[in-house]
Amino acid sequence: MPIFTAIQGSVTAPSFFSQLFSSNDASSSSSLLASHTCHFTCSKIFHKSRHSFSTLKVSVSENPNQSATTATAFSTGVVEASPDGIRQARRSADWKAARAYIDSGSIYEGRIEGFNNGGLLIRFYSLLGFLPFPQLSPSHSCKEPEKTIHEIAKGLIGSRISVKVIQAEEENRKLIFSEREASWLKFSKRINVGDIFAGRVGSVEDYGAFVHLLFPDGLYHLTGLVHVSEVSWDLVQDVRDVLSEGDKVKVKIVNIDRQKSRITLSIKQLEEDPLLETLDKVIPQDGSVDPDPSTMNSSGTIEPLPGLEAIIEELLIEEGVDSVRINRQGFEKRVVSQDLQLWLSNAPPVDRKFTLLARAGRQVQEIQLTTALDQEGIKKALQRVLERVP
């Protein structure tokens with residue numbers, strides 16, 4: 001195989017043209033071009049092709065500052081890049097571009113070429129990448145909830161989609177996109193802790209329910225998690241007993257992890273915590289607050305809830321606490337927790353008497369605490385007591 005090199009330079013016209021014409025032509029040309037200077041560039045490209053050509057461009061001028069004429073001579077045997085080589089070079093450049101998108105975190109607008117069982121096929125210049133269905137924005141399924149994911153994908157063919165490149169491995173031929181991450185980049189700046197959104201329940205798991213958030217443009221762009229503990233003030237054994245896919249709910253944003261692109265939501269925090277109210281508000285006044293004989297001892301006093309007696313004894317040791325006694329009890333129709341919970345009521349004190357609420361299962365007991373401490377002092381005293389009681 002011949003090896004070619006690239007040559008660039010300038011020579012006088014006679015010596016240059018003597019290489020282009022026969023000896024007879026060269027002599028006649030010499031007298032004509034003796035006073036001219038010829039500048040030329042010859043560039044030859046290495047390649048395997050056997051049937052390609054290169055051009056030799058000749059510029060002739062009477063002086064260095066004035067262009068006179070330009071001639072082009074053709075020489076055979078010089079090879080250009082083949083179509084396969086050009087395509088390979090372009091693909092390599094596009095893989096580099098994909099990695100640059102990852103590094104910059106920029107959003108790419110790609111055309112949807114088709115789909116398979118797992119996701120969409122996205123055009124990225126000369127490459128074809130993949131967008132798994134779980135990486136789609138919830139806007140598609142919420143817009144057409146009656147359609148299957150494959151029916152939705154079929155309707156998206158030919159449209160353009162905003163995505164982020166999340167994986168680009170040329171050696172493994174892996175080019176993966178995410179519309180969810182592109183949506184996070186666009187819309188997470190518009191949400192804050194404390195915001196209330198209308199939402200649509202997506203998948204429901206043992207640990208909670210994923211809820212898609214409805215934005216002012218009428219589309220569901222982001223998804224957050226309502227943990228099982230944030231579904232209701234009632235005790236929830238199985239989230240599926242309360243929420244189902246497709247349910248419309250209102251949620252409150254209680255945490256945003258911008259590093260991990262996670263939103264924590266709550267449904268119950270849109271309601272007042274019943275444990276922060278007095279017993280009169282917790283239990284409807286329909287006679288359900290009447291003492292249950294099974295929870296009273298022979299002297300007619302109320303038996304403390306399991307674990308509560310030890311807490312009361314420790315509270316009496318605290319400085320500033322004069323007396324602690326169970327004032328009354330009642331039974332709710334719902335179960336908030338099987339474990340003992342102790343809360344300081346937000347009811348204002350009367351004659352230095354504060355109200356504590358103790359709850360376990362359906363049973364609620366109201367405890368009257370007489371003390372010289374203020375509300376913050378009581379909270380600190382309770383914290384010390386709970387650290388001492390096993």
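Being a predicted model, the structure only gives us computed values, none of them experimental.
- Under the 4.5 Å side-chain criterion, counting only non-hydrogen atoms from C-beta, L356 is not in contact with Q365.
- Residues I256 and I253 come closest through the heavy atom pair CG1-CG2, 3.6 Å.
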* Under the side chain to side chain contact (heavy atoms under 4.5 Å, CB included) criterion, do R352 and L373 qualify, and how do the steps go? -> CA-CA 8 Å; R352 299 191 305 121; L373 301 173; over 6 Å; no
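- Judged by distance alone, the side chain of T264 and the main-chain N or O of V254 form no donor-acceptor pair under 3.5 Å.
- Looking at R87, its side chain never comes within 3.5 Å of a backbone N or O of S126 through a donor-acceptor pair.
- Both V242 and V249 belong to a single network of hydrophobic side chains, linked directly or stepwise wherever heavy atoms of I, L, V, M, F, W or Y lie under 4.5 Å apart.
- A single hydrophobic cluster is not seen to contain both I166 and I161; linkage of ILVMFWY side chains at heavy-atom distances under 4.5 Å, directly or through other members, places them apart.
- For the pair I312 and I326, the minimum side-chain heavy-atom distance is below 4.5 Å.
- The local environment of CG in N117 is sparse, with at most 12 non-hydrogen atoms from other residues, nucleotides or ligands closer than 6.0 Å.
- The shortest distance between side-chain heavy atoms of L357 and E366 falls below 4.5 Å.
- Following chains of ILVMFWY side-chain contacts shorter than 4.5 Å, one cannot reach L270 starting from V211, and the two form parts of different hydrophobic clusters.
- Side-chain atoms of F177 and Q135, non-hydrogen and from C-beta on, never get closer than 4.5 Å to each other.
- The backbone N or O of D257 sits nowhere less than 3.5 Å from a side-chain atom of R262 that would complete a donor-acceptor pair.
- Residue N255 comes nearest to V193 through the heavy atom pair CA-CG2, 4.0 Å, listed as atom of the first residue, atom of the second, then distance.
- Using cut-offs of 30° and 60° on the angle between ring planes, the pair F215 and H221 is perpendicular.
- Proximity of K252 to E230: side-chain heavy atoms (C-beta onward) are nowhere separated by under 4.5 Å.
- The two residues I311 and L386 come nearest to each other via the heavy atoms CD1-CD2, 3.9 Å.
- Both L340 and I367 are assigned to one and the same hydrophobic cluster, defined by single-linkage of ILVMFWY side chains at heavy-atom distances under 4.5 Å.
- Judged by distance alone, with hydrogens and angles left aside, the side-chain atoms of E179 form a donor-acceptor pair with the main-chain N or O of S137 at under 3.5 Å.
- To the nearest 0.5 Å, atom OG of residue S178 and atom CG of residue L185 are 11.0 Å apart.
- Closest of all the heavy-atom pairs between A153 and L120 is CB-CD2, 3.6 Å.
- At least one donor-acceptor pair under 3.5 Å links the side chain of S141 to the backbone N or O of P138.
- Looking at H150 and T148, their side chains never bring a donor and an acceptor atom within 3.5 Å of each other.
- Taking a 6.0 Å sphere around CD of E205, one finds it holds more than 12 heavy atoms contributed by other residues, nucleotides or ligands.
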* To do: Step by step, work out the side chain to side chain contact (heavy atoms under 4.5 Å, CB included) result for V251 and F197.
  => CA-CA 6 Å; V251 292; F197 276 83; 4.3 Å; yes
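- Looking only at side-chain heavy atoms (C-beta outward), S92 and K96 stay at 4.5 Å or farther from each other.
- Across L222 and W184, no two heavy atoms sit closer than the pair CD2-CA, 3.7 Å.
- Linking Ile, Leu, Val, Met, Phe, Trp and Tyr whenever their side-chain heavy atoms come within less than 4.5 Å puts L175 and I112 in one cluster.
- Using modelled atom types and a 3.5 Å distance limit, the side chains of T223 and H212 yield a donor-acceptor pair.
- You'll find the side chain of Q329 stays beyond 4.5 Å of the side chain of V364, heavy atoms only.
- If you look at Y125 and Y108, their ring centroids are closer than 6.0 Å.
- Across all non-hydrogen atoms, the minimal contact from E146 to E151 is O-OE1, 4.5 Å.
- Checking side-chain atoms of K268 against main-chain N and O of S229 turns up a donor-acceptor pair under 3.5 Å.
- A salt bridge links E318 to R388: at least one charged side-chain nitrogen sits closer than 4.0 Å to a carboxylate oxygen.
- In this structure a side-chain-to-backbone donor-acceptor pair under 3.5 Å is missing from R111 to R160.
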* Asked: Could you walk me through whether D195 and L213 pass the side chain to side chain contact (heavy atoms under 4.5 Å, CB included) check?
  -> CA-CA 11 Å; D195 289 350; L213 305 182; over 6 Å; no
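- The pair D351-K353 fails the salt-bridge criterion, with no side-chain N (NZ, NE, NH1 or NH2) lying under 4.0 Å from an Asp/Glu carboxylate O.
- With hydrogens and angles disregarded, a donor-acceptor distance shorter than 3.5 Å links the side chain of R123 to the backbone of L127.
- Atom CG of residue L382 and atom CG of residue L342 lie 5.5 Å apart, to the nearest 0.5 angstrom.
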